[in-house]
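Hydrogens, waters and symmetry mates are skipped; everything else that's a heavy atom, side chains included, is used.
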Amino acid sequence: MRSRLRRLVLGATALFTAASALPAAAATTEQRAEQHPSRDGMSAVIRYTEYGIPHILAKNYADLGFGTGWAQAADEVCTLADGFVTLRGERSRYFGADAPAGGDLSAARTNLASDLYFRGVRESGTVEKLLAERAPVGPSREVRSMMRGWAAGYNAWLKQKKVTDPACAGASWVRPVTELDVAARGLAIASISGEGRFVDTITAARPPAGGAAVSGAPSARTPGAKAVAKAADELWGDPGMGSNAVAFRGDTTAGGRGLLLGNPHYPWDGGRRFWQSQQTIPGELNVSGGSLLGTPAISIGFNAHVAWSHTVSTGIPANFHQLTLDPADPTTYLVDGRPERMTKRTVTVAVKDGTPVTRTQWWTRYGPVVTSLSPQVPLPWTGKTAYALNDPNAANLRFADTSLGFSKARGTSDVLASLDRHQGIPWVNTIAADRAGHSLYTQSQVLPRITDELAGRCSTELGRTTYPASGIAVLDGSRGDCALGSDPGAVVPGIFGPARMPTLKDAPYAENSNGTAWMTNPDRPLTGYERIFGTVGTQLGLRTRGAIEDVAAMADRGGLTVRDLQRQQFANRVPAGDLAAGDVARACAALPGGTATGSDGKSVDVSGACGVLKAWDRTMDTGSRGALLFDRFWRRLEQAVPADRLWKVPFSAADPVRTPNTVNTDAAGFTVALADTVAELRGAGIALDAPLGAHQFVVRDGQRLPVPGGAGRLGVWNVIEPTWDAAGGGYTEVPFGSSHLQAVGWDGSRCPVARTLLTYSQSSNPKSPHFADQTRLFSGEKWVASRFCEKDILSSPKLKVVRVHERR
């Protein structure tokens, strides 16, 4: 049986190899076939190896998209179908208008708000217009083919297979999709940190009745301006996504070749999950990695020559324009004294068991009118003033082409060339390494072209506070000379060109943990970029500080291998513990009578905590005793003690990695936090020295799986942000954290040396054999040996070959 299976695979490979090696005279015919598939329809060969990882073999890009769409549907049909309901603006129709919308494709709180926005996008024709643009503004022929193929593959799976996932089995909302749906998903992902964060206010904005002023705009001289700056910082400073990544240069490694460790932090459930695959068009493309669900290209991954990952950046992906309104009409604004009427988008949404809802959205030359940064911070639409949001990623369909360029790259220079050509990365940094020994970090992303000069010249009173504090520009929309303009080399107006991007080439290491570009490598600090990209000379987060300490020591030691990257991923060191646990233990032991007073005024015996904290190994391994105690204490301490009083030694830009330090055990909230933590754990029946894994776990297939790692606020590389349920036993689920891990290097062979791990496993379907298999590996801190080359794929003991095709 095994020999027969291998003959089948080799035969299919030979067929596709022959197709890809057509002479130049036949290339035009092959291109026509790419655009107009034969009557036989699209097809692909999918070779499944361990843990349900598909290796998709195709003749062309349309067939590759077909195989990808099929395989994604097989693993994640319910999650995908739910997302397409969102993109069509039909959540209210199927699930009810007031039900929570989830956070997969926007920050909308209700289905109705989500539907009003996404149906408005659909009816505006935005996606169709972008598809009609020539590359690089619009998608390339290859990406168009992949999107069309993905839709056909998804539809073929629906037609030929039965949905077994109880989340959507038999549901009427699981329907076929089109290329337009696939493109719309890509656009939603690109704009999720811009317009996607403002869906509620975009759909709720209303002009003041009769043009009367409602209230004045926030002023920089009032507390309102500081509140706006704080809200903006929280809005983009904690985006619900994160990541670590490091690239090492060849002279730090054992073989003189580059190394890359990627550790993105993403949701464990829903439409932002990664999904693993290998995509191969013989002679044209061969890449492995993780794709965001519903997208046809590899988002982060590696090929035979280069590996790359992304981290969420500090760049602010949108800005505001303050509008001066026509005194006679609050839906007309003035630019250089000339009136311009706002554009009305009137949208009607069907509602389950109710009357359809019709609402109007208001749009300007800058973007939609918004009326708040958050529920607590209004940006009021008065008779004189309104605010419009500018998000250049709301017209960015270039992400897939940028990623496809990475997939074809033969080195870090090609990665940078793809970024320069397509300019499609919306809200992340890129870190890469190659087999020639090069390393790369770049914050090449799509940002509004807000220069410090423009902000200084055109900021409103409010913007003069928010821009320095948070990078949020609020520009005077009444002045034509305050338009964003265009950079040389920018593919569209209003964004930065490639020359402006903070970039570090060929440093011994390049590391990012969602900090600013400044400290990518402290020996080669990056400066000179505009404020909208991030700060220079400001305090680093604990995760950035800990990561720099770790990777700098690794680079100094040298001789690094992929195994060293694997050890770093699961070191689970707690920088906050290294800085504070000893002092906390000593201060605890010095408390009179071993007691402290909690926030409820009750005295608590905390003496048992002192020795536990002293003996704790300063890690978040599942066997660590004291890790849970310190975790719960640190969270309370940060709430009880203001940030500027937490440390005795303040931050110094001259020593950014080691400062601030020395926890302030004299702070008023210190003993309260300690007392409340001990009382909390005892009240939950949790021993102060309980091993972490006994109370940080997920349940899969009825089995408790201990989960290693810890919160980013502790500085842990292996980020896990679990859900606290004291009555349920502690941290009982992980909604967010380490996701698609990859440790990649090269030796003297043609095959990359790669280890991967998808922490939450390949499928959301509890009936799938790949619902929890990799989660068990994650629990045990084990990896998957990547099967990239044909010999490795064919030697898999779990090899299963499926030829998928359309049925007319």
Nearest atoms (heavy-atom pairs only) where Val163 meets Trp157: CG2-CZ3, 3.9 Å

Glu123 and Arg345 ion-paired at < 4.0 Å: no

Thr311 and Asn429: side chain donor to acceptor below 3.5 Å: yes

Thr201 side chain to Thr371 side chain, donor-acceptor N/O pair below 3.5 angstrom: yes

Aromatic centroids of Phe274 and Tyr266 separated by under 6.0 Å: yes

CG (Asp701) with more than 12 external heavy atoms under 6.0 Å: yes

Test: Arg636 and Glu680 ion pair at under 4.0 Å: yes

Donor + acceptor pair across side chains of Glu195, Tyr117 (<3.5 Å): yes

Plane angle bin for Phe66 and Trp70 - parallel if under 30°, tilted between 30 and 60°, otherwise perpendicular: tilted

Pairwise distance CD1(Ile300) to CG(Asn263) - rounded to 0.5 angstrom: 9.5 Å

Distance-only polar pair, side chains of Thr775 and Arg700, donor-acceptor under 3.5 Å: no

Gap separating the OH atom of Tyr731 from the CG atom of Asp725, nearest 0.5 angstrom: 11.5 Å

No-hydrogen, no-angle side-chain donor-acceptor test under 3.5 Å, Trp427 and Asn393: no

From Thr331 atom OG1 to Trp362 atom CH2, the distance as rounded to the nearest 0.5 Å: 4.5 Å

Between Glu733 and Thr723, a side-chain donor and acceptor under 3.5 Å: no

Under-4.0 Å salt bridge between Arg109 and Asp200: yes

Approximate separation, where rounding is to 0.5 Å, of Ser243 OG and Arg543 CZ: 7.5 Å

Cationic N near anionic O, under 4.0 Å, Asp181 to Arg88: yes

Short side-chain donor-acceptor distance under 3.5 Å, Ser191 and Asp391: no

Parallel, tilted or perpendicular: ring planes of Tyr333 versus Tyr366, cut at 30 and 60 degrees: tilted

Short side-chain donor-acceptor distance under 3.5 Å, Thr759 and Gln774: no

Residues Asn244 and His265: side-chain donor-acceptor under 3.5 angstrom: yes

Close aromatic pair by centroid cut-off 6.0 Å: Phe95 and Trp173: yes

Criterion side chain to side chain donor-acceptor pair (under 3.5 Å) on Asn111 and Ser92, from CA distance to verdict: CA-CA 5 Å; Asn111 285 336; Ser92 300; 5.6 Å; no

Distance flag, aromatic centroids of Phe320 and Phe198, threshold under 6.0 Å: yes

Sub-6.0 Å ring centroid separation between Phe84 and Tyr154: yes

Distance-only polar pair, side chains of Asn765 and Thr164, donor-acceptor under 3.5 Å: yes

Cation-pi check, Arg206 onto Trp381 ring (under 6.0 Å, within 45° of axis): no

Atom pair CG (Asp631) and CG (Leu692), whose distance is rounded to the nearest 0.5 Å: 7.5 Å

Distance-only polar pair, side chains of Thr358 and Thr348, donor-acceptor under 3.5 Å: yes

Carboxylate-amine/guanidinium contact Arg122 Glu128, below 4.0 Å: no

Check against salt bridge (Lys or Arg N to Asp or Glu O under 4.0 Å), Asp115 and Arg93: CA-CA 9 Å; Asp115 290 341; Arg93 172 185 174 186; over 6 Å; no

